[in-house]
Visitor: 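Starting off with a structure, shown below.
Computed from a predicted structure; not experimentally measured.
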Amino acid sequence: TSMRSLNVRDNNISNQGWCAIFDALRDHPQNKIEEWDLSGQSINPTIAKSLAAYAAVSGSLASLNLYMNEIGPEGAKAMAASLAANGSLSKVLVSCNRLGDEGTRAICEALKCNKTVTELDLSGNADAYGGSSNIGGPAGAKHVADMLRVTGSVTKTLVSGNRLGDAGATILCDALRKSTVTKVLACRPAHRPRCAGGLRSGPAALTRHQAHEASTRRFDSRRLCHL
């Protein structure tokens, strides 16, 4: 029987240790691990490269949670390469990783071709004390918007806490309005926990109809579902 789950969280694993784990999984693709929760595990660019190499050849990994780590633009580029090759991932959470404009562009470019990812979390914690945008503000919003216009699979995207401003919010609204696939641009209301993993819908979701309303008139982005 192949291993389907593995939990090694909160063990103070070193760079070398994490890389050894992911390298072993890469070299034994018969494993059937379906989900990795790596939130808050100090995953840096070095570890992200080993993780990406494993994810690229995995035929079972469906959910990857990298919330609150340190992959940065360099790690994001490595993960983007794996997204372009992977054919099983459906949920990708890279919130609060300081991807920046460059890292966001790499991931969004990869998702233009990916056919399996349906949920994407790019949220930041810019609205918290000492927090920062994850995607690089309005510049990153443009890359997300470009992806939303052409994606063949992403139906939900979380972008709250990124200091999008009116310009970035307008770009995203216009992309959502024109998308034939993406139905919800999820945004978290102020009373919910900042940058928590997972995607929201209901009152916190901006539907395509609401995007049309917002993109055809002037508005204050702070009123737009707390973008």
Visitor: For Leu61, does its backbone N or O pair with a side-chain atom of Ser88 as donor and acceptor, under 3.5 Å?
Guide: yes
Visitor: Checking the side chain of Ser60 only, and the main-chain atoms of Ile33 only, is there a donor and an acceptor separated by less than 3.5 Å?
Guide: yes
Visitor: Provide the closest heavy-atom pair for Ile71 versus Ala48 in the form atom of the first, atom of the second, distance.
Guide: CG2-CB, 4.1 Å
Visitor: Are Thr104 and Val144 side-chain neighbours, meaning at least one heavy-atom pair lies under 4.5 Å?
Guide: yes
Visitor: Could you report the tightest heavy-atom contact between Arg9 and Leu38, atom names first, then the distance?
Guide: NH1-C, 4.0 Å
Visitor: For Lys142 and Ile171, which heavy atoms make the closest approach, and how far apart are they?
Guide: CA-CG2, 4.1 Å
Visitor: Give the ring-plane orientation class for Phe22 versus Trp36, where under 30° counts as parallel, over 60° as perpendicular and anything between as tilted.
Guide: perpendicular
Visitor: Distance from Glu102 atom CD to Glu74 atom CD, nearest 0.5 Å?
Guide: 9.5 Å
Visitor: Looking at every heavy atom in both Ala76 and Ala106, which two are closest together, and how far apart are they?
Guide: O-CB, 4.5 Å
Visitor: Keeping Asn69 on the side-chain end and Ser42 on the backbone end, is there a donor-acceptor pair under 3.5 Å?
Guide: yes
Visitor: If only atom types and distance count, is the side chain of Ser95 paired as donor or acceptor with the main-chain N or O of Tyr67 below 3.5 Å?
Guide: no
Visitor: Could you tell me whether the side chain of Ile107 reaches within less than 4.5 Å of the side chain of Val92, counting heavy atoms only?
Guide: no
Visitor: Please answer: with hydrophobic residues joined when any side-chain heavy atoms are less than 4.5 Å apart, are Leu120 and Ile43 in the same cluster?
Guide: yes
Visitor: Is there a donor-acceptor pair closer than 3.5 Å between any side-chain N or O of Asn86 and the backbone N or O of Val117?
Guide: no
Visitor: Find out whether Leu66 and Leu51 are in side-chain contact, i.e. whether some heavy atom of one side chain is under 4.5 Å from a heavy atom of the other.
Guide: yes
Visitor: Does Ser58 reach the main-chain N or O of Tyr54 with its side chain, forming a donor-acceptor pair under 3.5 Å?
Guide: no
Visitor: Can a salt bridge be assigned to the pair Arg149 and Asp174 using a cut-off of 4.0 Å between side-chain N and carboxylate O?
Guide: yes
Visitor: Can you confirm whether Leu164 sits close enough to Ile135 that some side-chain heavy atom of one is under 4.5 Å from a side-chain heavy atom of the other?
Guide: yes
Visitor: Does Asn44 reach the main-chain N or O of Glu70 with its side chain, forming a donor-acceptor pair under 3.5 Å?
Guide: no
Visitor: Report yes or no: do Asn114 and Thr116 form a side-chain donor-acceptor pair below 3.5 Å?
Guide: yes
Visitor: Hey, are the side chains of Leu111 and Leu83 touching, using non-hydrogen atoms and a 4.5 Å cut-off?
Guide: yes
Visitor: For Ala62, is there any backbone N or O sitting under 3.5 Å from a side-chain donor or acceptor partner on Ser90?
Guide: yes
Visitor: Between Arg163 and Ser132, is a side-chain hydrogen bond (donor to acceptor under 3.5 Å, both in side chains) present by the stated rule, with each step listed?
Guide: CA-CA 8 Å; Arg163 292 189 181 133; Ser132 62; over 6 Å; no
Visitor: What I'd like to find out is whether the side chain of Val150 reaches to under 4.5 Å of the side chain of Asp146, using heavy atoms alone.
Guide: no
Visitor: Hey, is the main chain of Met79 close enough, under 3.5 Å, to the side chain of Ser82 for a donor-acceptor pair?
Guide: yes
Visitor: Which pair of non-hydrogen atoms, one from Thr46 and one from Cys19, has the smallest distance, and what is that distance?
Guide: O-SG, 3.9 Å
Visitor: Are Glu119 and Thr157 packed together at the side-chain level, in the sense that at least one heavy-atom pair is separated by less than 4.5 angstrom?
Guide: no
Visitor: Under a 3.5 Å distance rule, please check whether Asn97 uses its side chain to pair with a backbone N or O of Leu99 as donor and acceptor.
Guide: no
Visitor: Is it the case that over 12 heavy atoms from other parts of the model lie below 6.0 angstrom from the CG atom of Asn11?
Guide: yes
Visitor: Distance check, rounded to the nearest 0.5 Å: Asn134 atom CG versus Leu122 atom CG?
Guide: 6.5 Å
Visitor: To the nearest 0.5 Å, tell me how far Ser50 OG sits from Ile21 CD1.
Guide: 10.5 Å
Visitor: Would you say the side chain of Asn125 lies within less than 4.5 Å of the side chain of Met68, judging by non-hydrogen atoms?
Guide: yes
Visitor: Does a sphere of radius 6.0 Å around CD in Glu34 hold more than 12 heavy atoms from other residues, nucleotides or ligands, not counting ones at 6.0 Å or beyond?
Guide: yes
Visitor: What distance do Ser179 atom OG and Leu176 atom CG have between them, rounded to the nearest 0.5 Å?
Guide: 6.5 Å
Visitor: With a 4.0 Å cut-off, would you call Lys112 and Glu109 a salt bridge?
Guide: yes
Visitor: Which distance, rounded to the nearest 0.5 Å, do you find between the CG of Asn12 and the CD of Gln41?
Guide: 9.0 Å
Visitor: Go through Arg105 and Asp101 one step at a time and tell me if the salt bridge (Lys or Arg N to Asp or Glu O under 4.0 Å) criterion holds.
Guide: CA-CA 6 Å; Arg105 177 174 57 189; Asp101 174 19; 5.5 Å; no
Visitor: With rounding to the nearest 0.5 angstrom, report the CD1 to CG distance, Ile13 to Asn15.
Guide: 11.0 Å
Visitor: Tell me whether Leu25 is reachable from Trp18 by hopping between hydrophobic residues (I, L, V, M, F, W, Y) whose side-chain heavy atoms are closer than 4.5 Å.
Guide: yes
Visitor: Of all heavy-atom pairs between Ala84 and Ala110, which one has the smallest distance, and what is that distance?
Guide: N-CB, 4.2 Å
